[in-house]
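This one's a predicted model, so the numbers in the text were calculated from it and none came from an experiment.
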Amino acid sequence: MSDLLLPRALRPGDLVAVAAPSGPLEADDRPLLARGTAVLEELGFRVRVCPSVAGARSRWWAAGRPAEQAAEFNALLRDPEVRAVFAHSGGQAVTGWLDLLDLDAVRADPKPVLGCSDVSQLLLALHARTGLVGVHADMVTHGFGDSWSERFTDGPEEDGARRALREAYARVLTEPVAAGPLPALSPWQCWRDGRARGRLVGGLLRRIVSLQATPYAVPARSFDGAVLFWEETGKPLSAVWNDLHALRLAGVLDRIAAMVVGTPHRVGSGDAAEPALREVVLDVLGDRPLPVLAGVDLGHAGPNLPLPLGVETEVDATARTLTLVAPAVS
């Protein structure tokens with residue numbers, strides 16, 4: 001991995017783009033898209049919704065052919081007016097066009113790319129190849145458009161948790177200083193106590209594992225002393241167990257300094273005879289003395305805290321805190 005490539009801090013009035021790097025916009029989701037873009041405007045940005053989203057372009061499970069998706073994304077990277085790219089949603093398509101990324105455009109004008117789920121693979125690939133600090137974060141349609149509006153209140157008596165989350169995004173994206181402690185929007189859990197500091201790396205567990213089979217894999221040295229964060233959705237516990245063992249066999253679990261587990265979403269069958277996710281994780285970790293902070297607000301259960309890849313972070317599992325100790329933007 002190259003040295004960290006910090007994007008320029010966003011400023012009030014900057015133009016941000018809403019793109020479809022993975023799945024298409026479903027017809028029923030237009031109200032969610034409108035609510036999501038309103039959140040970006042609340043944060044002080046001008047918003048451009050890309051043609052792939054606005055036109056609900058689709059091919060099979062993707063928002064177009066791989067070459068079409070890459071062309072739109074690369075054009076955003078090259079456009080000096082666009083200062084950040086937000087994914088509207090996730091899906092199943094990013095792997096198909098990683099080899100078409102314009103990495104020189106990223107290096108020439110680094111800008112934040114934000115998203116989660118399938119898009120976390122794009123963030124990791126960009127980070128692995130260029131050092132770009134992308135942000136694992138809520139997406140516009142499924143994220144800002146639903147979990148922010150469904151979980152939090154609006155208006156003059158705005159929900160305190162929504163305000164804290166909005167402020168966290170503002171600090172990460174607009175202030176070239178350490179963002180500090182991230183807000184716990186739900187009760188976090190200590191699965192193994194301890195404290196550690198390291199660079200953030202992570203995303204959707206299945207995408208972390210599958211990316212490692214490609215030329216865009218996160219280099220092994222990037223896991224040295226890192227804080228590995230992950231989440232999963234719609235998988236049996238056996239799949240989580242196997243994916244974690246894949247990381248163990250690759251040496252990842254022997255390199256990291258701490259683990260942060262998101263809020264599981266439809267993981268396991270719920271059968272009383274099944275082990276708990278905590279048991280599965282600790283079983284794979286064995287006697288490795290890693291702090292494990294769990295139930296953190298990241299993943300498909302939403303909302304997502306902004307987690308900038310590569311940024312130095314302190315995990316205190318005992319105290320149940322997660323603190324960004326270095327800036328994500330310059």
**Item:** CA sep, side-chain torsions, deciding dist, call: Asp14, Arg46, salt bridge (Lys or Arg N to Asp or Glu O under 4.0 Å)
**Value:** CA-CA 6 Å; Asp14 271 352; Arg46 294 181 293 125; over 6 Å; no

**Prompt:** Given the rule in the side chain to side chain contact (heavy atoms under 4.5 Å, CB included) test, do Met259 and Leu285 qualify, once you have shown the distances and angles that lead to the verdict?
**Reply:** CA-CA 10 Å; Met259 180 179 287; Leu285 288 179; 3.9 Å; yes

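One hydrophobic cluster, built from ILVMFWY side chains closer than 4.5 Å, holds both Val94 and Val18. Follow the hydrophobic side-chain contacts under 4.5 Å out from Phe73 and you reach Val47 in the same cluster. No path of Ile, Leu, Val, Met, Phe, Trp and Tyr side chains, each step under 4.5 Å between heavy atoms, connects Leu76 with Val329, placing them in separate hydrophobic clusters. Both Val113 and Leu305 sit in one connected hydrophobic cluster of ILVMFWY residues. Membership requires side-chain heavy atoms under 4.5 Å apart, directly or through other members.
Closest of all the heavy-atom pairs between Gly295 and Trp188 is O-CD1, 3.3 Å. For the pair Ser117 and Met139, the tightest heavy-atom approach, listed with the atom from each and the gap, is CB-CE, 4.1 Å. Closest non-hydrogen pair, Ala125 versus Leu211, comes out as N-CD2, 4.0 Å. Nearest heavy atoms, Leu290 versus Ala258: CD2-N, 4.2 Å. Across Leu123 and Gly115, no two heavy atoms sit closer than the pair CD1-O, 3.5 Å. Scanning both residues, Pro176 and Ser330, for their nearest heavy atoms gives CB-C, 3.8 Å.
Geometric assessment of Arg35 against the ring of Phe144 yields a negative cation-pi assignment under the 6.0 Å and 45° thresholds.
In this structure, CD on Gln92 lies 9.0 Å from CH2 on Trp61, to the nearest 0.5 angstrom. Note: Leu5 CG to Leu309 CG = 12.5 Å, rounded to the nearest 0.5 Å. Atoms CG and CG, from Asp102 and Leu77 in turn, are 6.5 Å apart once rounded to the nearest 0.5 Å. Expressed to the nearest 0.5 Å, how far CG of Leu324 lies from CG of Leu200 amounts to 6.5 Å. To the nearest 0.5 Å, atom CG of residue Asp109 and atom CZ of residue Arg83 are 4.0 Å apart. How far CG of Leu114 is from OG of Ser120: 12.5 Å, rounded to the nearest 0.5 Å.
Under the 3.5 Å distance criterion, with hydrogens and angles disregarded, no donor-acceptor pair is assigned to the side chains of Thr323 and Glu314. Using modelled atom types, one finds a donor on one side chain and an acceptor on the other under 3.5 Å when comparing Glu231 with His300. When only modelled atom types and interatomic distance are considered, Trp230 and Asp243 share no side-chain donor-acceptor pair under 3.5 Å.
With a 4.5 Å cut-off on side-chain heavy atoms, Thr174 and Arg11 do not count as touching. Val16 places none of its side-chain heavy atoms less than 4.5 Å from the side chain of Leu43. Side-chain contact between Leu307 and Leu182: present, with at least one pair of heavy atoms (C-beta onward) separated by less than 4.5 Å. With contacts defined as side-chain heavy-atom distances shorter than 4.5 Å, the pair Leu15/Phe45 does not qualify. With a 4.5 Å cut-off on side-chain heavy atoms, Leu228 and Leu247 count as touching. When side chains are defined from C-beta on, Glu175 does not count as touching Pro327, because their heavy atoms never get closer than 4.5 Å. With contacts defined as side-chain heavy-atom distances shorter than 4.5 Å, the pair Thr313/Val325 does not qualify.
With a 6.0 Å radius and a threshold of 12 heavy atoms from other residues, nucleotides or ligands, Arg248 has its CZ atom above the threshold. Around the CG atom of Asp271, the shell of radius 6.0 Å holds more than 12 heavy atoms that belong to other residues, nucleotides or ligands.
Counting only distance, with no hydrogens or angles, the side chain of Thr263 and the backbone of Val296 share a donor-acceptor pair below 3.5 Å. Judged by distance alone, the side chain of His127 and the main-chain N or O of Leu132 form a donor-acceptor pair under 3.5 Å. A donor-acceptor pair is defined here as one N or O able to donate and one able to accept, closer than 3.5 Å; such a pair exists between the side chain of Asn74 and the backbone of Ala70. In this structure, the side chain of Ser222 does not engage the main chain of Val218 through any donor-acceptor pair within 3.5 Å. The closest donor-acceptor contact from the side chain of Glu72 to the backbone of Ser52 lies under 3.5 Å. Between the side chain of Lys111 and the backbone N or O of Val82, at least one donor-acceptor pair lies under 3.5 Å. Proximity of a side-chain donor or acceptor of Arg59 to a complementary backbone N or O of Arg65 within less than 3.5 Å is not detected. Panel note: side chain Ser89, backbone His142; no donor-acceptor pair is recorded below 3.5 Å. Side-chain atoms of Asp297 come within 3.5 Å of backbone N or O of Leu185 as a donor-acceptor pair. Although no hydrogens or angles enter the test, the distance criterion places no donor-acceptor pair under 3.5 Å between the side chain of Asp29 and the main chain of Leu32.
One finds a salt bridge joining Arg48 and Glu81 here, because a Lys/Arg side-chain nitrogen approaches an Asp/Glu carboxylate oxygen to under 4.0 Å. A salt bridge links Arg162 to Glu42: one of the charged nitrogens lies within less than 4.0 Å of a carboxylate oxygen.
The salt bridge (charged side-chain N to carboxylate O under 4.0 Å, His left out) check on Arg255 picks up Asp224, with sequence neighbours excluded.
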